[in-house]
Every structure is written in C-alpha cells, then in structure tokens.
Amino acid sequence: METKTDTEQKVLPDKGAENNKEVVIKIEHLKKSFGSNEVLSDITVDLHKGENLVVLGRSGQGKSVAIKCIVGLLYQDSGELTVFDQDVKSLNETELKELRMRVGFLFQSGALYDSMTVRENLEFPLTRVKKMDKKDELDALVNEVLEGVGLPDAIDKMPSDLSGGQKKRIGLARTLILKPEIMLYDEPTTGLDPITSREISELILQMQKKYQTSSIIITHDLECAKITGDRLVVMNDGKFIAEGTYEELENSKDELVKSFFIKK
Amino acid sequence: MEQEAKFSWSSIFEEAGNQVGFMGSFVRNMFRGGFEGNELIRQCYNIGYKSFSLTAITGLILGMVMTLQSIPTMKQFGAVSFVPAMVSISVIREIGPVIIALICSGKIASSIGAELGSMKVTEQIDAMEVSGANPIQYLVVTRIIACTFMIPLLTLMADALALLGGYIGANLGGHISLLLYFNKAIASLQFSDIFPATIKTIFFGFAIGFIGCYKGYNSNRGTESVGVAANSAVVNASLWIIVLDGIAVQLTSIFAYS
Ligand SMILES: Nc1ncnc2c1ncn2[C@@H]1O[C@H](COP(=O)(O)OP(=O)(O)OP(=O)(O)O)[C@@H](O)[C@H]1O
Ligand SMILES: [Mg+2]
C-alpha cells in the first residue's frame with residue numbers, strides 16, 4: 001500500500017468544498033424505535049458528494065441502525081431519508097436493488113459468507129450483481145482488491161481460517177470491489193492493530209480520491225477519524241450533538257464532545 | 001425474550017401469514033432470472049448424499065425388524081408366506097416415507113435452520129441483500145428445491161433397502177431364496193402403492209426444506225436464536241410431515257384405492 005497520502009490529505013477539504021452543493025444522502029429528523037427502545041430520536045445530516053463524514057458515538061447509540069436505514073435493511077419510523085434523491089422507504093424491490101448497487105456497506109462484523117472461500121466471497125457480488133463471468137477479469141479484480149487490503153495470500157482460505165482483523169479487511173475488499181459511489185463503513189478499523197488501522201484509513205482516503213466516493217465512516221478510532229474525516233459528527237442519545245472538523249471538535253467546549261477526544 | 005412469546009391466536013395467525021408471504025417470495029424468486037444452478041447441485045449433494053448412509057441404514061434395519069417382528073404373529077395364522085407382501089406394502093405405502101421424512105427433518109431441517117439462522121445472526125444475509133444479490137434466490141430457492149428432489153430419492157432408495165432388509169430378516173428365521181422373496185414382495189405391490197407414496201414424499205421434502213429455510217431465515221438477532229431456529233425447524237417440519245401424511249392418506253383412499 002502506498003503511504004504518500006500524508007501531504008495530499010490537506011488538499012482534500014477544499015475538494016469537498018468544491019462539490020459542496022451536491023447532496024447524495026439527505027437525512028432529516030429520522031426516528032427509529034425497537035418496541036419501547038427508542039434508538040434514533042432525531043437525526044439530521046447531509047452527505048455531500050466526495051465527502052468523508054465521520055460519525056463518532058458511544059457503543060449502543062444506534063450508529064449501525066442509522067446506516068442500515070440508508071440501505072433499506074431497516075426502515076425508519078418517521079423522518080425523511082433520501083439517497084440520490086430517492087426516498088428509500090418508498091422504493092420497490094428493483095429500485096432498491098439498483099440503489100444498493102451504488103452503495104457499499106462494510107458490516108461491523110465483516111459478514112463474510114462462511115461457506116465460501118475468500119475468492120468466492122469476493123466474486124459473489126461480481127457474478128451475481130455485475131453479471132461478470134470472464135475468469136481472467138474476475139481474477140484481476142479479486143487480486144487487485146486483495147492487494148489493496150494487504151491480504152493477497154488469503155485468496156483460497158476459508159473465512160474460519162482468518163483472524164478477526166483479516167476478516168474485516170476481506171469484508172472491506174468485498175465491498176470495495178464493486179466500486180460503489182457511496183461507502184458506508186461500520187467501524188472499519190476496530191479490532192485492527194495500529195499499523196493495519198492506518199493502512200485501512202489510508203485506503204478509505206484513496207477510494208475517496210480515486211473514485212470520488214462519498215463515505216460515512218462510523219468509528220471509535222480517533223486516528224482513523226483524523227485521517228479520513230472531512231467532517232465529523234458526534235452522536236449521543238439518538239441525536240447528533242456536535243458537528244465540525246476534527247480540530248473544531250477537538251477543541252470543543254462541550255464536555256461530552258471533549259470526552260471523545262481524550263487520548264489514553 | 002420475544003422468542004418465548006406466549007401462546008396466542010393472533011401470533012399463530014401472524015406466523016401463518018408470514019409463512020404464506022415467505023412461500024410467495026420463494027415462488028416469485030424461483031421463476032425469476034438468474035437461477036443458481038451450481039448452488040442447487042451443491043445443495044443436492046449436501047442434502048442427498050450426506051444423508052445417504054443414515055437413510056440407507058434406517059431402511060435396511062426397518063425392513064429387517066418388521067419382518068422379524070411379524071413372523072411369529074403370522075405363524076399363528078399359518079400365514080408366514082404373506083410376510084414379504086405385508087412388509088413391502090406397509091413399508092412402501094406408509095412406514096418408509098414417514099420414517100425417512102422424520103429422520104430427514106431431524107438431520108436436514110435442523111441443519112438448514114441452523115445454517116441460515118447463523119447467517120442471519122452474523123449479518124451474512126443482510127450483506128448479500130445489501131450487495132444487490134438475492135439471498136432468497138441463492139439460499140432459499142436452492143435448498144427448498146434440493147429437498148423436494150432429494151427426499152423422494154432417499155425414500156425410494158430406503159424402501160428398496162428395506163425390502164432387502166426384509167429378505168435378510170426372513171433368512172435369519174429360515175431359508176428363502178432371494179428370487180422368491182422379491183417375487184412375493186414385488187408381486188404384491190401395485191402402481192397405486194408406489195405412486196401416491198412418492199407424491200407424498202415430494203410434499204414431505206418440500207415441507208422439510210421450506211420450514212428449515214423459513215425458521216432459519218427469520219430467526220431473531222442473538223446467537224441463541226440459531227439454536228431456536230434449528231429446534232423449531234425440526235419440531236415444525238415433523239409436525240407438518242405428520243399432518244401431510246394424514247391428508248395424503250385421505251386423498252389416496254379416495255382417488256387411488258377406490
Ligand atoms: N434489528 C434490531 N432489533 C431490535 N433492536 C435493535 C436492532 N438493531 C439494533 N437494535 C438496538 O439498537 C441499539 C443500537 O444498536 P446499534 O448496533 O446501532 O449500536 P451502535 O451505535 O452501532 O453500537 P456499537 O458501537 O457497539 O456498534 C441497541 O440497543 C440494539 O439493541
Ligand atoms: Mg455498531
């Protein structure tokens with residue numbers, strides 16, 4: 001993996017600002033409860049094209065629930081949620097499928113198909129969704145993304161033979177292989193060592209630059225937030241309580257916000 | 001926990017409604033393009049081949065035991081020569097299909113329930129859905145069709161072995177030639193014995209696949225629900241087999257034996 005990104009990183013916020021007008025995900029007053037458990041109470045946020053939005057928040061605050069609503073795995077109880085100007089809740093099966101092809105989702109658990117090898121895992125979306133069937137094209141793509149996540153040797157392993165962090169990287173590779181326009185990363189670096197974490201963060205940044213991907217990145221990892229985030233939001237009690245760049249939030253007056261940035 | 005919901009009529013109707021809905025999406029996805037042929041073959045292998053020895057042994061012993069058990073009683077009536085016919089008719093009409101289906105519901109419905117349940121819990125099914133692939137088509141349609149194919153085949157194979165087992169049983173008591181035994185056993189069989197029984201096993205196979213998939217695919221969050229899915233798949237599939245068998249007997253006695 002190339003690591004010359006440190007200098008280029010500073011250019012990015014301007015790039016985001018350039019495209020500031022185009023909103024790819026628009027969320028307004030989103031509410032979601034499970035029975036009596038109110039998880040999201042009032043979420044409002046926009047994601048702009050080419051932007052990396054980092055979501056910080058304590059465990060169990062409903063971050064995963066929020067991004068699952070974006071791809072229609074869960075439906076909100078009330079509030080607006082549009083992706084590419086389409087109301088997710090009102091899409092039919094085919095429209096939802098088309099939307100999902102444009103949105104990549106990295107599951108917190110990796111969610112590898114454990115009855116398939118790594119190669120089959122990666123080929124699964126290509127052959128099923130993109131309807132690719134040329135062996136050499138598939139191989140080339142699979143190898144390319146595996147290089148990207150730094151695991152070219154894992155290609156014929158079963159998921160059960162991989163470590164937790166390796167699974168996560170394969171999960172990431174499986175999502176990136178479709179080159180989605182929007183990426184939703186659910187804790188991409190949790191459980192990884194610092195070096196791999198940084199590599200993954202830089203990979204996220206590369207995706208943004210190379211393909212103009214717009215991303216929502218849920219993380220607890222401050223370094224990842226710092227490297228990848230153009231804009232950060234802090235989630236608490238089902239609401240976003242603060243928004244700004246890394247530096248702005250780091251120097252926030254709010255106790256709760258500040259407490260996220262205390263380094264151990 | 002939600003899974004231990006109290007008995008209530010509304011929950012029964014809700015469950016029935018969900019099953020009908022699941023059936024609907026199975027049918028819709030079966031006739032949609034992009035059929036998963038390779039996966040179907042893999043599932044047929046998994047479901048059929050891997051249950052082969054279990055059903056084979058069951059069939060063989062079933063025939064043998066039935067023969068051995070009925071010889072003393074039949075002797076009292078001086079009707080030992082009817083034993084092969086009696087065993088073959090009862091095995092092929094009733095006992096073979098039901099026993100094999102019940103055994104397969106223990107082996108296959110539970111493993112489908114557990115497999116899909118754990119895929120659900122570990123978000124693999126969600127991941128498939130989110131990537132734009134069709135999990136019903138890939139996971140559910142293939143398994144249900146594979147069961148619907150393989151259970152009848154397994155049953156026919158077990159029936160044949162039961163007849164062989166009957167021969168072995170008859171030979172343990174006294175000598176009877178293989179040819180004579182099979183002549184007697186098969187001469188007593190009619191098309192109306194084999195055909196309805198095979199149709200019945202198609203439904204049994206469907207029930208096993210369908211209930212296994214339904215329970216697994218709709219299991220709750222949390223690892224304990226994998227066990228719940230496997231367990232309730234077996235219980236429900238077995239129940240369905242008994243109920244379907246009751247219906248099949250009524251229908252065949254109206255249409256086939258009259
Ligand atoms: N499908 C569901 N059904 C019922 N409750 C759910 C469901 N999904 C999530 N929840 C509940 O919603 C709450 C928030 O869960 P969520 O997974 O979004 O947290 P999170 O912010 O992602 O936490 P973490 O950082 O630990 O991943 C939890 O209390 C969880 O039990
Ligand atoms: Mg989460």
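Note on naming: letters A, B, ... go to the chains in the order of the sequence lines (proteins, then strands), and numbering restarts at 1 for each one. The shown structure was predicted, so the numbers you read here are calculated from the model rather than taken from an experiment.
Applying the 6.0 Å contact sphere to CG of A/Asp193 captures more than 12 heavy atoms from other residues, nucleotides or ligands. In the displayed structure, A/Glu80 atom CD is contacted under 6.0 Å by at most 12 heavy atoms of other residues, nucleotides or ligands. Atom CG of A/Asp85 has 12 or fewer neighbouring heavy atoms from other residues, nucleotides or ligands inside a 6.0 Å radius. Atom CZ of B/Phe195 sits in a sparse spot, with 12 or fewer heavy atoms from other residues, nucleotides or ligands closer than 6.0 Å. Within a 6.0 Å sphere centred on CZ of B/Phe149, heavy atoms belonging to other residues, nucleotides or ligands number 12 at most. Other residues, nucleotides and ligands contribute over 12 non-hydrogen atoms within 6.0 Å of the CZ atom of B/Arg32. Summarising the local packing, CZ of B/Phe52 is surrounded by 12 or fewer heavy atoms from other residues, nucleotides or ligands at distances under 6.0 Å.
The shortest non-hydrogen separation linking A/Leu73 to B/Glu129 is CD2-OE2, 4.0 Å. Heavy atoms only, all atoms of each residue included: B/Gln124 and A/Tyr113 are closest at OE1-CA, 3.2 Å.
One finds the NZ atom of A/Lys167 at 9.5 Å from the OG1 atom of B/Thr122 (value rounded to the nearest 0.5 Å).
Proximity to chain B (any heavy atom under 4.5 Å) is shown, for A/Leu96, by neither the backbone nor the side chain. Heavy-atom distances place no part of A/Glu98 under 4.5 Å from chain B, backbone and side chain included. In this structure, chain A has no heavy atom under 4.5 Å from any part of B/Gln137.
Among the residues in residues 59-71 of chain A, those with a non-hydrogen atom closer than 4.5 angstrom to a non-hydrogen atom of chain B are A/Lys68, A/Val71. Identified by a heavy-atom distance below 4.5 Å to chain B, the contributing residues of residues 119-133 of chain A are A/Phe124, A/Pro125, A/Arg128, A/Val129, in residue-number order.
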*Test A/Phe107 against B/Val130 for side chain to side chain contact (heavy atoms under 4.5 Å, CB included), laying out the working first.*
CA-CA 10 Å; A/Phe107 281 85; B/Val130 159; 4.3 Å; yes
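The candidate with the highest count of non-hydrogen atom pairs below 4.5 Å against chain B, out of A/Gly110, A/Ala111, A/Ser109, A/Ser115, is A/Ala111.
A/Thr82 pairs by the side-chain hydrogen bond (donor to acceptor under 3.5 Å, both in side chains) definition with nothing, not counting sequence neighbours.
Residue pairs meeting the salt bridge (Lys or Arg N to Asp or Glu O under 4.0 Å) criterion with at least one partner in residues 157-166 of chain A, sequence neighbours excluded, do not occur; the list is empty.
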